[in-house]
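Input: a single structure, listed below in structure tokens.
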2 protein chains.
Amino acid sequence: MPKQITEMLKGTLEGIVLAILAGRAAYGYEITTWLREQGFSDIAEGTIYALLVRIEQRGLVDVEKVPSEKGPPRKVYSLNAAGREYLDEFWNNWGFLSERLEQLRKEGQ
Amino acid sequence: MPKQITEMLKGTLEGIVLAILAGRAAYGYEITTWLREQGFSDIAEGTIYALLVRIEQRGLVDVEKVPSEKGPPRKVYSLNAAGREYLDEFWNNWGFLSERLEQLRKEGQ
DNA sequence: TCGCGGTATTCAGCGTTACTATGTACTAGT
DNA sequence: ACTAGTACATAGTAACGCTGAATACCGCGA
């Protein structure tokens, strides 16, 4: 994974995870696996767990502990009202950023 | 400026500045002013100058000192070959990220 | 003449975030 | 008993943008 992506992910990774949780409840290991399948090849597990702890402490998600047949209990996260609001803001901000960048890219050639 | 944007800018701001310099040579104060006009209302001057120092040290830009009628001499930056190459990578990475996010946004409603 | 505002750059210290590396724990298969 | 896969956690590090302040040069009005 290029170092550029690492820096670009700051701030966006959080939005990505919230967007995933907006679609369905999920747990850390699941999210990591899914992201890797999507091409985020080298996202570290630790990164996702730390991120989940952060958004939980900010009250953006609800957590439920669910026993697993294959290992230690899963912590299943789901987006709550505050989380949805925060995600809206994220989309606004990302839309803004995205527009400016598309503009620049067009001018570039 | 929301705190979300601050984090999202990490990594991308560098690409934005390089993209600007790909169009034309420019100096710090000028870039800051232009960004503010584009809606990046609260980008700190110090941020841009620090960024310019970084990309200079990585050899992505050439620098020329030009006297100004209105203050201390300007440091005019222009993108060199290495910078153009790096900017290409940036567009690739941003394209990748942008696609995944658009995907997620679509699924979101 | 003095100060003010606009131009222009620099720097130390801080907070946030993602990565590295490692450790823990539970289950199933060999 | 050992290994591999599942699942979570955390201490330490690097990178980046922000805050706040300082420095410097110019022209204009009081």
Side-chain angles (χ1 to χ4, degrees), chain A residues 1-18 25-36 40-58 60-61 63-77 86 90 93 97, chain B residues 1-18 25-36 40-58 60-61 63-77 86 90 93 97:
Chain A
M1 187 115 78
K3 205 170 52 176
Q4 276 190 345
I5 285 271
T6 291
E7 290 306 323
M8 280 191 227
L9 277 179
K10 293 191 179 174
T12 12
L13 184 57
E14 187 177 284
I16 291 171
V17 169
L18 291 174
Y27 55 96
Y29 190 81
E30 190 185 6
I31 294 172
T32 306
T33 307
W34 186 82
L35 286 174
R36 293 202 174 139
F40 295 99
S41 43
D42 289 331
I43 291 221
E45 287 201 62
T47 299
I48 297 300
Y49 289 115
L51 194 158
L52 289 170
V53 166
R54 269 191 329 257
I55 63 180
E56 181 187 354
Q57 280 170 352
R58 285 194 217 142
L60 305 178
V61 287
V63 191
E64 198 191 350
K65 233 172 189 148
V66 178
S68 159
E69 325 83 36
K70 295 187 144 192
R74 299 166 175 167
K75 281 179 77 177
V76 176
Y77 295 83
Y86 190 83
F90 171 78
N93 289 323
L97 200 55
Chain B
M1 186 113 80
K3 203 169 52 176
Q4 275 190 347
I5 285 270
T6 290
E7 290 306 324
M8 279 191 227
L9 277 180
K10 292 189 181 177
T12 9
L13 185 56
E14 187 178 283
I16 291 172
V17 170
L18 290 175
Y27 55 96
Y29 190 82
E30 190 185 6
I31 294 172
T32 307
T33 307
W34 186 82
L35 286 173
R36 294 208 172 131
F40 296 99
S41 43
D42 289 333
I43 291 220
E45 290 205 58
T47 299
I48 297 301
Y49 288 113
L51 194 159
L52 289 170
V53 166
R54 274 197 316 268
I55 63 180
E56 181 187 353
Q57 278 169 354
R58 285 194 218 140
L60 305 177
V61 287
V63 192
E64 198 191 350
K65 232 168 192 155
V66 177
S68 160
E69 325 80 38
K70 295 185 143 196
R74 298 165 174 167
K75 281 178 76 178
V76 176
Y77 295 82
Y86 191 84
F90 171 79
N93 288 323
L97 199 56

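Every chain is numbered from 1 and lettered A, B, ... according to where its sequence line falls, protein lines coming before strand lines. Worth saying up front: this structure is predicted, and the values here are computed from it rather than measured.
Rounded to a whole Å, the CD atom of B:E56 is 12 Å from the P atom of C:dT9. Protein atom CD of A:Q4 is 14 Å distant from nucleotide atom C1' of D:dC16, rounded to whole Å. Distance, B:L35 CG to D:dC18 P: 10 Å, rounded to whole Å. Computed from coordinates, the B:Q57 CD to D:dC16 C1' distance equals 14 Å when rounded to whole Å. Atom CZ of A:F40 and atom C1' of C:dA18 are 13 Å apart (whole Å). To the nearest angstrom, P of C:dT27 lies 16 Å from OH of A:Y29. Taking atom CD of B:E64 as the reference point, atom C1' of C:dT9 lies 17 Å away to the nearest angstrom.
Looking at heavy atoms from C-beta onward, B:Y86 lies in side-chain contact with B:L18 at the 4.5 angstrom threshold. Residues A:L52 and A:I31 form a side-chain contact, since some pair of their non-hydrogen atoms from C-beta on lies under 4.5 Å apart. Residues B:F90 and B:E14 form no side-chain contact, since every pair of their non-hydrogen atoms from C-beta on lies 4.5 Å or further apart. A:R54 places a side-chain heavy atom less than 4.5 Å from the side chain of A:L51.
The shortest heavy-atom contact between A:F40 and B:L97 is CE2-CD1, 3.7 Å. When all heavy atoms of A:G28 and A:I48 are compared, the pair lying nearest together is O-CG2, 4.0 Å. Nearest heavy atom pair, residue B:Y49 against residue B:Y29, reads OH-N, 3.3 Å. Nearest approach of B:I43 to B:R36, heavy atoms of both residues: O-NH2, 2.7 Å. When every heavy atom of A:S68 is checked against every heavy atom of A:K70, the shortest pair comes out as OG-N, 3.0 Å. The two residues B:Y27 and B:K75 come nearest to each other via the heavy atoms CB-O, 3.1 Å.
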What protein N or O atoms touch nucleotides 2-5 of chain C N or O atoms at under 3.5 angstrom, if any, and at what distances?
none

Dump every N/O contact between nucleotides 10-17 of chain C and the protein below 3.5 Å, one line per pair.
unit_1	atom_1	unit_2	atom_2	d
C:dT10	OP1	B:K75	NZ	3.3
C:dG15	N2	B:K10	NZ	3.0
C:dT16	O2	B:K10	NZ	2.8
C:dT17	OP1	A:R58	NH2	3.0
C:dT17	OP2	A:R54	NE	3.4
C:dT17	OP2	A:R58	NH2	3.4
C:dT17	O2	A:K10	NZ	3.1

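Salt bridge status for B:E30 with B:R74: absent, with no side-chain N to carboxylate O gap under 4.0 Å.
Regarding contacts with the backbone of D:dC8, every side-chain N or O of A:Y27 stays at 4.0 angstrom or more from both OP1 and OP2.
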query: Taking protein heavy atoms under 4.0 Å as touching, what does nucleotides 22-28 of chain D look like 5' to 3' if B marks base contact, S marks sugar-phosphate-only contact and - marks none?
result: --BBS--
